[in-house]
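Heads up, the thing below is written out as structure tokens.
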2 protein chains.
Amino acid sequence: MPKDRRSPGPAPRAVPGTTPGGLDEVDRELVRLLTVDGRMPNNALAEATGIAPSTCLTRVRSLRERGVIRGFHADVDLGALGQPLQALIAIRISTHSRDEIDRFRAKVPALPGVLSLFHVSGANDYLLHVSAASPDALREFVLDHLTADPAVAHAETSLIFEHVRATPAAPV
Amino acid sequence: MPKDRRSPGPAPRAVPGTTPGGLDEVDRELVRLLTVDGRMPNNALAEATGIAPSTCLTRVRSLRERGVIRGFHADVDLGALGQPLQALIAIRISTHSRDEIDRFRAKVPALPGVLSLFHVSGANDYLLHVSAASPDALREFVLDHLTADPAVAHAETSLIFEHVRATPAAPV
DNA sequence: AATGAAATTATTGCGGT
DNA sequence: ACCGCAATAATTTCATT
């Protein structure tokens, strides 16, 4: 995001080397490097950031403990796993009761093929990112798990032609 | 996705232990384990899958070389990095010339705060997942990089209230 | 392809600064 | 907080099956 000198909000940090969330420049560089390559060895991280390996270990451990780094995941080609199709499904919930929404939210992430679930503002309530083995399998998924759910008022499926992840990569 | 014995498409594989894409059960388990924990040590992977560490190393290396595993990435809390807001922006391209689409597609992933870009079927052409430091920064992003682009006919922003990643992200 | 053993390299705890 | 060092552990190569 571009800098914005006139916007309201938190005052700019005056302490040199300290950036949002109490992370200094080395922390931020470690996070960036591990976002690009999550398996980068501690030695290499240390050298790249100009600190000792033992210090680097402490830093990275601290980042994990503080929840800045939530975990590490392999980025997999789903096509190679027999799921060559991906879709985004915009969902409107019929009853906007808190219970229905909570139930839906709890159920969906465990459904087969689900990659992620966005709860969004606007005309739709959820946007669901799924993979599927075939158009038929996708159709079945929508019919069995979404259309059939009484909480779902409407589900509109868009096929994903291409999905480009930004670099450095972030949440899918 | 549920099994579907009546759908057309590739015939089911008859070779035991061989599943789509020429991956056997060990390969698939390695992929699954690395999807859950991308930093799981080779030793531990080997033990979990019942193969020798040296064999495991060869397997994982092969999975990477074949592109089944594209890479490893840290999963970062963007809020801790000063980007507490996320949004999905549905975009319609004005001219559907191939050149405009290609230019847009090439430009967007490098914009600041962009997490990923989906090229989709349906009424919208793209869905853009972004993070931002503040509502103001988000507004600026949309105005500067989307609305101002002559290729963009319409951009509709939805705030993300919650984003749940399925575990594991890859279907088992 | 898979393995065990050996060599190399990385991780990790700790005491000192 | 950071670092260097020493001990432990993991990775990687390679000869063999």
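Order of the sequence lines fixes the chain letters, A, B, ..., with proteins taken first and strands second; residue numbering starts at 1 for each chain.
The distance between the ring centers of A:H163 and B:H119 does not fall below 6.0 angstrom. In this structure, A:F118 has its ring center at least 6.0 angstrom away from the ring center of A:Y126.
One end of the helix from C:dA1-D:dT17 to C:dT17-D:dA1 points its axis 30° away from the other end's axis, with each axis taken from 5 pairs and the angle rounded to 10°.
Remark: side-chain polar atoms of B:S158 are paired, donor with acceptor, to backbone N or O of A:S121 under 3.5 angstrom. A donor-acceptor contact shorter than 3.5 Å links the side chain of A:S94 to the backbone of A:P150. Between the A:R92 side chain and the A:A155 main chain, no donor and acceptor come within less than 3.5 Å of each other. Proximity of a side-chain donor or acceptor of A:T35 to a complementary backbone N or O of A:V31 within less than 3.5 Å is detected. In terms of modelled atom types and a separation under 3.5 Å, the side chain of A:K107 and the main chain of A:H145 share a donor-acceptor contact.
Taken from CG in B:L30 to CD in B:E25, the straight-line distance is 12.0 Å, to the nearest 0.5 Å.
For the residue pair A:R165 and A:D75, the shortest heavy atom distance occurs at NH1-CG, 4.0 Å.
Transitive grouping of hydrophobic side chains (ILVMFWY, heavy atoms separated by less than 4.5 Å) keeps B:L57 and B:L45 in distinct clusters.
If you take CD of B:E47 and P of C:dG4, they are 13 Å apart, rounded to a whole angstrom. Atom CZ of A:R59 is separated from atom C1' of D:dA1 by 8 Å (rounded to the nearest Å). Rounded to a whole Å, the CD1 atom of B:I51 is 7 Å from the P atom of C:dT3. Remark: P of C:dA2 and CG of B:L30 are 10 Å apart, rounded to the nearest angstrom. Whole-Å rounding puts the B:L45 CG to D:dT12 C1' distance at 15 Å. Taking atom CZ on B:R64 and atom C1' on D:dT12, their separation rounds to 15 Å, with Å as the unit.
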N/O-N/O pairs, protein side and nucleotides 15-17 of chain C side, under 3.5 Å:
none

Pull out every protein N or O sitting under 3.5 Å from an N or O of nucleotides 9-12 of chain C, one pair per line with the distance.
unit_1, atom_1, unit_2, atom_2, d
C:dA10, OP2, A:N43, ND2, 3.1
C:dA10, O5', A:N43, ND2, 3.2
C:dT11, OP1, A:N42, N, 2.8
C:dT11, OP2, A:N42, N, 2.9
C:dT11, OP2, A:N43, N, 2.7

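Phosphate proximity of D:dC3 to A:T55: present, with a side-chain N or O under 4.0 Å from OP1 or OP2.
B:R59 and B:T55 share no side-chain donor-acceptor pair at under 3.5 Å.
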